[in-house]
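Scroll down for the structure; my scribbles are underneath it.
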Amino acid sequence: MKIAIIGIGSVGSAVATAVKNTGLAHEIVLFDRDAVRARAAAEDLGHAAAFSFDVKITAANNYRAIRGAEIVIISAGANQKPGETRMDLLQKNAAVITDIIPRVMENVDAKNVKLVIVTNPLDVMVMLAQKLSKLPPARVIGTGTMLDSARLRVILSRNLGVSPMSVNAYVLGEHGDSSVVAWTPATIGAIGLEDFCRQTKTPLTQNTRATIEHRVHTAAYEIIRGRGATWDGIAGAVADLVRSIINDENRILTVSTVSGTGAKRVAISLPRVVGAGGAVKTLTPKMDKVESAGLRRSENIIRKNYGLIGK
Ligand code: NAD
């Protein structure tokens, strides 16, 4: 499969490496408005073909080069500087998405292409990309809270002494400060979280839960403070998402897609079945009153911010 990545900064180049290492792409096109940067990234990653997965990596500064791509990953745009929130990027990155999407759509097969949105503020960018592309919502997929859910699963797994692969727990809502840790539907293996804690005598007190939530919510800020940007975690999330699409795995992933119309239109992360057709089904887990209210708050924040870009 041919895959294009638009925006080859810290995130785009880590995504290119992670996608290459899935072994599922035969060609990856790297596009950046900075042609020198895209060419250098393609050279560097291309050399890794001698070690594993001989994938054709090309650089492009012309959108015609993405013709034939079935998945287009958008990771272009400003990133957070230390102390900035994702919403501080709103106007700048709305302009970037408005620049990119029409050019992408002129060069891909609209009947088949899947857009994967990574640019922040994620949910608002998904709404904008879906509107501009006119693609069905199922095929404009934001990585959403995949990364937040991964952070939760890893932190929780260390507390409970099990593999993160056995932790089924979601962060839902906005990929941003209002994201919601959904404790109620969490299971370890197929055992409810509280039952698991009782049986293994590893109590999760309210304090521990609050600390875990805090760590999930502040992870990006901590990483940005330490290394200027985040890229490894999101690259893992994108590769996982791409794998589920290409292999038609129908995995349940917390991605962000548009639902509703008119005043109810919003993109938000919920558990969704992701396969060859994109995010084809949406699931609503059981949540308590506080979690449900948190989700509604997230929706309102995303809608309000979408309103601010005037589209
Ligand atoms: P970066 O500054 O390192 O790279 C951005 C790249 O985009 C640059 O190479 C730039 O030349 C390119 N670009 C900008 N405007 C463009 C345009 N109109 N057309 C083509 N290319 C363009 O930034 P980064 O650290 O790679 O972050 C990229 C985006 O990913 C940011 O919005 C960041 O917030 C987001 N991000 C999202 C998640 C997530 O979980 N969704 C995680 C990390 C980062």
Side-chain angles (χ1 to χ4, degrees), residues 4-18 29-42 44 59-63 65-66 72-104 107 115-126 128-129 132 140-152 171 173-177 179 216-217 219-224 226-242 253-257 267-269 302:
I5 306 174
I6 315 293
I8 312 301
S10 309
V11 171
S13 38
V15 164
T17 305
V29 181
L30 308 184
F31 179 97
D32 199 286
R33 67 174 176 196
D34 180 343
V36 174
R37 177 179 255 198
R39 215 167 30 243
D44 197 5
N61 67 345
N62 185 318
Y63 275 95
I66 73 167
V72 180
I73 300 162
I74 316 281
S75 51
N79 59 11
Q80 289 165 260
K81 305 292 173 276
E84 276 186 336
T85 72
R86 294 175 182 90
M87 280 305 166
D88 290 326
L89 312 171
L90 184 66
Q91 301 298 347
K92 265 186 271 187
N93 285 349
V96 170
I97 295 295
T98 304
D99 167 48
I100 291 172
I101 298 296
R103 296 169 197 249
V104 167
N107 289 286
L115 303 184
V116 172
I117 310 297
V118 182
T119 304
N120 276 320
L122 190 278
D123 306 285
V124 177
M125 296 303 122
V126 171
L128 181 57
L132 295 169
V140 183
I141 311 161
T143 48
T145 53
M146 277 184 78
L147 179 54
D148 316 64
S149 297
R151 287 171 177 154
L152 172 66
V171 177
E174 183 199 11
H175 171 62
D177 295 342
S179 66
V216 170
H217 283 132
Y221 293 102
E222 292 300 321
I223 297 166
I224 289 165
R227 69 190 313 210
T230 74
W231 56 83
D232 286 322
I234 184 61
V238 174
D240 207 35
L241 175 55
V242 163
L253 305 172
T254 55
V255 291
S256 179
T257 58
I268 198 163
S269 286
I302 295 163

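Everything numeric here is computed off the predicted structure, so don't read it as measured data. Ligands are counted one by one from 1 in listed order, and the atoms in each one are counted from 1 as well. By convention here, the first residue in the shown sequence is residue 1.
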Side chains of Asn79 and Val11, heavy atoms from C-beta outward: is any pair under 4.5 Å?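 Counting from C-beta outward, Asn79 and Val11 never come under 4.5 Å.
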Among Ala150, Ala78, Ser13, Gly77, whose heavy atom sits nearest atom 32 (O) of ligand 1? Ala78
What residue and heavy atom of the protein are closest to [atom], and at what distance?
{"atom": "atom 8 (C) of ligand 1", "result": "Arg37 NH1, 3.2 Å"}
{"atom": "atom 3 (O) of ligand 1", "result": "Ser10 N, 3.0 Å"}
{"atom": "atom 40 (O) of ligand 1", "result": "His175 NE2, 3.1 Å"}
{"atom": "atom 20 (C) of ligand 1", "result": "Arg33 N, 3.4 Å"}
{"atom": "atom 34 (O) of ligand 1", "result": "Asn120 ND2, 3.0 Å"}
{"atom": "atom 6 (C) of ligand 1", "result": "Asp32 OD2, 3.7 Å"}
{"atom": "atom 4 (O) of ligand 1", "result": "Gly9 CA, 3.2 Å"}
{"atom": "atom 28 (C) of ligand 1", "result": "Ser75 O, 3.3 Å"}

For ligand 1, the portion of [X] having any non-hydrogen atom under 4.0 Å away:
{"X": "Val118", "answer": "both"}
{"X": "Asn79", "answer": "both"}
{"X": "Val11", "answer": "both"}

Could you tell me, atom by atom, which parts of ligand 1 come under 4.0 Å of a heavy atom of [X]?
{"X": "Ile100", "result": "17 (C), 19 (N)"}
{"X": "Thr143", "result": "41 (N)"}
{"X": "Thr230", "result": "42 (C), 43 (C)"}
{"X": "Leu147", "result": "40 (O)"}
{"X": "Asn93", "result": "32 (O)"}

Give yes or no for whether the N/O distance cutoff of 3.5 Å, strictly under, is met between Asp99 and ligand 1.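 Yes.
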Please confirm whether the backbone N or O of [Y] pairs with a side-chain atom of [X], one donor and one acceptor, at under 3.5 Å?
{"X": "Asn120", "Y": "Arg86", "answer": "no"}
{"X": "Thr254", "Y": "Ser269", "answer": "no"}
{"X": "Asp44", "Y": "Ala41", "answer": "no"}

Which of these passes side chain to side chain contact (heavy atoms under 4.5 Å, CB included) with Met125: Val140, Asn93, Val96?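 Going through Val140, Asn93, Val96 one by one, the side chain to side chain contact (heavy atoms under 4.5 Å, CB included) with Met125 is satisfied by Asn93 alone.
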Report the residue from Leu122, Val124, Leu128, Asp123 that forms a side chain to side chain contact (heavy atoms under 4.5 Å, CB included) with Val126.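 Result for side chain to side chain contact (heavy atoms under 4.5 Å, CB included) with Val126: Leu122.
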Minimum heavy-atom distance Phe31-Asn62, with the two atoms named: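 In terms of heavy atoms, the two residues are closest at CE1-N, 3.5 Å.
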Check: Asp148/His175 side-chain N/O donor and acceptor closer than 3.5 Å: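 Short answer, yes.
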Pair Ser179, Thr145: side-chain N/O donor-acceptor within cut-off below 3.5 Å: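 No pair is found: no donor N or O on one side chain lies under 3.5 Å from an acceptor on the other.
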Taken to the nearest 0.5 Å, the spacing of Gln80 CD from Met87 CE works out to 10.5 Å
Quick check for you: to the nearest 0.5 Å, what is the distance between Leu115 atom CG and Thr257 atom OG1? 12.5 Å
